[in-house]
Novice: 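This structure is in structure tokens; I'll ask about it shortly.
The chain is numbered in sequence order, starting from 1.
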Amino acid sequence: MLYELVVDTLRPGTCYQYLERLADAVAARRKYGRLAGCWTSDDDTAYSGFGSLNQVVHIWSFEDMSRRQQSLSDLGAGNIWPPQAADILVSQEVELLQPAPFMKEMEAQARWSMYELAIDTVRQGTMKAVLQAWEKGLPDRIKHGPLAGCWVSATGKSDRVIHLWGCPGLRNRERIRNQSWKPGVWPPAREHIVTQENRLLVPALFVEDSAYEVNLAGSLAATSPTYVPPPVAGKAPGL
């Protein structure tokens, strides 16, 4: 399985305008690839003001590289993708991701009111040790909060671990971080980390079709039989 992480940076104040255009393009693109999730870092909520703002983040999944290339070729020929937004789009970053060995395919299950996308750059040559530490520490970590996905960059930036977490609100994020802290176990392989960055995100309003929502409860069920998913599917409580 191959994933594509897209980060669109927009002119301030144009995020909703872009989402309207993106929604139409996404509806057409779903015929060619699966939307695993779409979020924004600026929706006029209490989450705004953390990390990079005026951004829309979307993740797509493909069976493999050849399927992705064929999909993009078909999309371009049909003038379907990318969405027409040259007047408000400042930049677009695209990064191909390989799922970590312990990650299952992102599937449709629960949604949360907030997500945290984090990126750890590790020292060259330590990725194997880093992933082993992740696999060891995850069963305990996901007792406190669900992991939506964990990947390694497959294009150029090969020393990056990208991970996406779900959280029911900003106050709970701090509680989860405090509860999951375990010296020597979590955060994993801290001695190998060079830089860290993160974004707080909320789901785009048009991502309502449950067939395209991010899997939070099931991503690591195989590695942690003790994790109990939310009792009620759908949107979790906010702040």
Side-chain angles (χ1 to χ4, degrees), residues 3-23 25-26 34-61 83 85 88-95 97 99 103 106-120 141-142 144-151 153 160-177 180 187 195-210 212-217 219 230 234-239:
Y3 290 86
E4 178 185 79
L5 170 66
V6 184
V7 179
D8 296 323
T9 301
L10 308 160
R11 286 172 40 213
T14 64
C15 191
Y16 285 122
Q17 185 179 350
Y18 181 73
L19 285 174
E20 290 177 354
R21 304 182 194 184
L22 184 64
V26 163
R34 180 177 177 273
L35 178 66
C38 183
W39 307 266
T40 173
S41 65
D42 187 3
D43 78 331
D44 294 327
T45 71
Y47 310 143
S48 297
F50 289 85
S52 301
L53 299 180
N54 306 304
Q55 292 186 330
V56 172
V57 177
H58 34 121
I59 297 178
W60 298 82
S61 66
I88 58 176
L89 183 63
V90 176
S91 66
Q92 183 178 80
E93 301 175 39
V94 179
E95 186 171 2
L97 309 175
M103 177 185 158
M106 295 173 78
E107 301 168 349
Q109 281 197 19
R111 287 185 63 191
W112 296 84
S113 58
M114 187 181 83
Y115 293 79
E116 181 171 2
L117 179 67
I119 300 175
D120 299 335
R141 170 61 177 84
I142 61 177
H144 306 289
L147 177 69
C150 182
W151 306 267
S153 178
R160 285 157 52 104
V161 179
I162 297 92
H163 39 116
L164 180 69
W165 301 86
C167 180
L170 191 59
R171 295 174 185 171
N172 285 302
R173 174 180 178 267
E174 188 66 22
R175 174 185 56 79
I176 289 172
R177 287 171 66 89
S180 60
T195 63
Q196 294 178 293
E197 58 184 280
N198 72 336
R199 296 179 177 88
L200 296 186
L201 305 169
V202 293
L205 295 178
F206 67 81
V207 187
E208 295 295 339
D209 184 346
S210 62
Y212 298 95
E213 291 172 359
V214 175
N215 168 27
L216 295 174
S219 294
K235 288 187 177 180
L239 293 175

Novice: Are Arg199 and Trp39 in a cation-pi contact, defined as NZ or CZ under 6.0 Å from the six-membered ring centre and within 45° of the axis?
Specialist: no
Novice: Say you draw a straight line from CD of Glu174 to SG of Cys167; how long is it, rounded to the nearest 0.5 Å?
Specialist: 10.0 Å
Novice: Given side chains that start at C-beta, do those of Tyr3 and Ile162 come closer than 4.5 Å, heavy atoms only?
Specialist: no
Novice: Hey, what do you get for OG1 (Thr9) to CG (Leu53), rounding to the nearest 0.5 Å?
Specialist: 10.5 Å
Novice: Quick one: pull up CD1 in Ile142 and CD1 in Ile176 and give me the separation to the nearest 0.5 Å.
Specialist: 12.5 Å
Novice: With side chains defined as the heavy atoms from C-beta onward, is the minimum distance between Ile88 and Arg21 less than 4.5 Å?
Specialist: yes
Novice: Going by distance alone, is a donor N or O of one side chain under 3.5 Å from an acceptor N or O of the other, for Ser41 and Gln55?
Specialist: no
Novice: Just so I know, are the side chains of Leu89 and Leu10 near enough to count as touching, which here means a heavy-atom distance under 4.5 Å?
Specialist: yes
Novice: From Leu35 CG over to Glu4 CD, what is the distance, rounded to the nearest 0.5 angstrom?
Specialist: 10.5 Å
Novice: Mind checking whether Thr195 and Glu197 have side chains closer than 4.5 Å, heavy atoms only?
Specialist: no
Novice: Would you check if Cys38 and Val26 make a side-chain contact, meaning some heavy-atom pair closer than 4.5 Å?
Specialist: no
Novice: Could you grab the distance from atom CE of Met103 to atom SG of Cys150, nearest 0.5 Å is fine?
Specialist: 8.0 Å
Novice: Report the residues that fulfil salt bridge (Lys or Arg N to Asp or Glu O under 4.0 Å) with Arg177, sequence neighbours left out, ordered by chain and then residue number.
Specialist: Glu116
Novice: Using side-chain hydrogen bond (donor to acceptor under 3.5 Å, both in side chains) as the criterion, list what pairs up with Gln92, not counting sequence neighbours.
Specialist: Asp8
Novice: Please give me the minimum heavy-atom distance between Cys15 and Thr40, naming the atom from each residue.
Specialist: SG-OG1, 3.0 Å
Novice: So Val90 and Arg11, do their side chains get closer than 4.5 Å, heavy atoms only?
Specialist: yes
Novice: Step by step, work out the side chain to side chain contact (heavy atoms under 4.5 Å, CB included) result for Val7 and Glu95.
Specialist: CA-CA 9 Å; Val7 179; Glu95 186 171 2; over 6 Å; no
